[in-house]
Amino acid sequence: MKERKPKNIFVQGPIAASFIADSIQKHSSKIDIGGHSIFLGQVRADKIDGKEVTSIEYTAYEDMALERMYTIREDIFKKYDLTCMHVYHSLGIVKAGEISLFVFTSSAHRKAAIDACEETVERLKAELPVWGKELLTDETYHWKENPQTP
Amino acid sequence: MKERKPKNIFVQGPIAASFIADSIQKHSSKIDIGGHSIFLGQVRADKIDGKEVTSIEYTAYEDMALERMYTIREDIFKKYDLTCMHVYHSLGIVKAGEISLFVFTSSAHRKAAIDACEETVERLKAELPVWGKELLTDETYHWKENPQTP
Amino acid sequence: MSVKIILFGRLADIAGDSVSVDNVADTDSLVDSLNKRYPQLATTKYVIAVDKQVVTKNTVLNKKSMVALLPPFSGG
Amino acid sequence: MSVKIILFGRLADIAGDSVSVDNVADTDSLVDSLNKRYPQLATTKYVIAVDKQVVTKNTVLNKKSMVALLPPFSGG
């Protein structure tokens with residue numbers, strides 16, 4: 001079922017494993033689903049000029065991001081035979097090892113779920129106005145950049 | 001790290017959402033991971049000759065399946081730059097709506113995790129000697145068949 | 001020589017979980033012998049694994065061979 | 001006409017979260033005006049969104065236009 005207005009995808013802080021488990025559990029009543037595909041983005045303790053990333057602070061142009069996400073969702077539902085799609089992205093501080101992105105697609109058949117999940121991840125990384133400020137061990141910071149954003 | 005001997009992938013009955021959550025949570029200490037890809041196979045209440053699948057009873061040629069899975073794992077680790085891979089498959093009865101397959105790959109970068117997960121799912125469906133007996137509403141049954149198995 | 005074979009899925013429905021077959025030297029003669037005993041097997045799709053490897057050509061068996069008849073897989 | 005723009009990420013580090021710019025009729029003149037005031041912006045990569053849509057050509061602005069300067073995205 002498609003939604004008329006943009007659904008909020010943003011959550012404050014990291015995405016907990018228990019939240020992911022709850023999302024999975026909720027789908028046990030949907031007995032027409034044969035496969036789920038999940039992508040999780042985890043904050044990596046990259047080294048930058050000899051300093052380590054301890055966490056990322058995410059900000060977004062929320063209104064625009066939700067409109068873009070609405071368009072992506074519509075496009076993906078047109079292209080793939082999905083039962084449902086859920087997307088969550090962190091705002092604020094997410095520490096190294098914690099999860100900042102959760103994309104979850106379900107379908108009767110695995111191929112649609114897998115392809116839709118991958119395409120959604122690629123599109124949201126390229127199209128959503130979200131920024132990650134990598135906070136480093138010495139209390140300086142570095143603005144992260146995804147390849148191929150506008 | 002590669003294992004010397006085949007790791008058991010089989011679990012009795014369905015795979016619980018809480019088990020999946022625990023697996024995800026364990027990776028929060030691996031701060032070189034940037035992306036996780038997860039595939040979940042869920043038992044579908046298909047209609048067969050007007051009857052509905054209420055559950056699938058899985059059996060396997062376990063020794064051979066674990067050897068094949070070992071080979072698949074070695075191949076995937078050679079091909080993709082993965083941090084880790086976990087595979088679990090149910091044996092015994094799994095009801096419609098419950099999860100019977102859990103494939104979990106992690107990598108520094110999302111592309112490797114996503115591609116490795118998909119390839120592992122395709123290969124294990126085609127190569128592992130596992131059989132699903134679809135139990136129907138009228139207590140008859142139907143042997144499931146994946147496309148392209150030997 | 002007698003060879004013990006194990007069967008899975010719908011093949012076990014036809015012939016049971018395991019069967020002993022006498023006087024078979026290779027997989028071709030095993031199949032002939034089984035088809036006589038269980039005519040339904042002749043029309044059922046399966047592959048043969050010897051020592052946990054699928055074999056596609058006629059394969060010599062010895063008394064230690066682990067032979068398994070595998071119907072189309074349906075895991076996942 | 002005065003236009004209020006909002007800035008994100010490293011652009012906000014340079015010029016703050018929001019800036020009012022006077023006497024600008026379109027996005028090209030907005031950029032000229034900003035570059036004079038914040039020379040560092042001229043050497044920083046960004047795109048302009050008007051009413052939540054990225055614009056790639058010079059775009060006429062009115063006093064209700066929502067203008068945002070967006071540095072390269074890094075969500076996920």
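Keep in mind it's a predicted model, so treat the numbers as computed, not measured. Lettering of chains follows the sequences in order, A, B, ..., and the numbering in each one begins at 1. What you see below is based on every heavy atom in this structure, not just the backbone, and it leaves out hydrogens, waters and symmetry mates.
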- Distance (rounded to the nearest 0.5 Å) between A:I24 CD1 and B:I99 CD1: 6.0 Å
Chain A/chain B interface donor-acceptor pairs under 3.5 Å:
residue, atom, partner, partner atom, Å
A:H27, O, B:Q42, NE2, 3.1
A:K30, O, B:Q42, NE2, 3.2
A:I31, O, B:A45, N, 2.8
A:G34, O, B:Q42, N, 2.9
A:H36, N, B:L40, O, 2.8
A:H36, O, B:L40, N, 2.9
A:H36, NE2, B:Q42, OE1, 2.5
A:I38, N, B:I38, O, 2.8
A:I38, O, B:I38, N, 2.8
A:L40, N, B:H36, O, 2.9
A:L40, O, B:H36, N, 2.8
A:Q42, N, B:G34, O, 2.9
A:Q42, OE1, B:H36, NE2, 2.5
A:Q42, NE2, B:H27, O, 3.1
A:Q42, NE2, B:K30, O, 3.2
A:R44, NH1, B:A108, O, 2.5
A:A45, N, B:I31, O, 2.8
A:A108, O, B:R44, NH1, 2.5
A:R110, NE, B:E122, OE2, 2.9
A:R110, NH2, B:E122, OE1, 2.9
A:K111, NZ, B:E118, OE2, 3.0
A:E118, OE2, B:K111, NZ, 3.0
A:E122, OE1, B:R110, NH2, 2.9
A:E122, OE2, B:R110, NE, 3.0

- Task: Please flag which part of B:A108 lies under 4.5 Å from any non-hydrogen atom of chain A: side chain, backbone, both or neither.
- Result: both
- Among the listed options B:G35, B:A21, B:A45, B:G34, the residue most often paired with chain A at heavy-atom distances under 4.5 Å: B:G34
- Which portion of A:L101 sits near chain B, non-hydrogen atoms under 4.5 angstrom: neither
- Query: Using non-hydrogen atoms only, which part of A:A16 is less than 4.5 Å away from chain B: side chain, backbone, both, or neither?
  - Reply: neither
- Item | Contacting moiety of A:I33, where chain B heavy atoms sit under 4.5 Å | both
- Message: Under a 4.5 Å cutoff for heavy-atom pairs, which residue among B:A113, B:G41, B:A96, B:A17 has the most contacts with chain A?
- Response: B:A17
- Query: Is there a side-chain contact between B:I31 and A:V43 (heavy atoms, below 4.5 Å)?
  - Reply: no
- Task: Check the pair A:I38, B:I20 against side-chain contact (heavy atoms from CB on, under 4.5 Å), reporting the backbone distance first and the verdict last.
- Result: CA-CA 11 Å; A:I38 293 174; B:I20 297 163; 5.9 Å; no
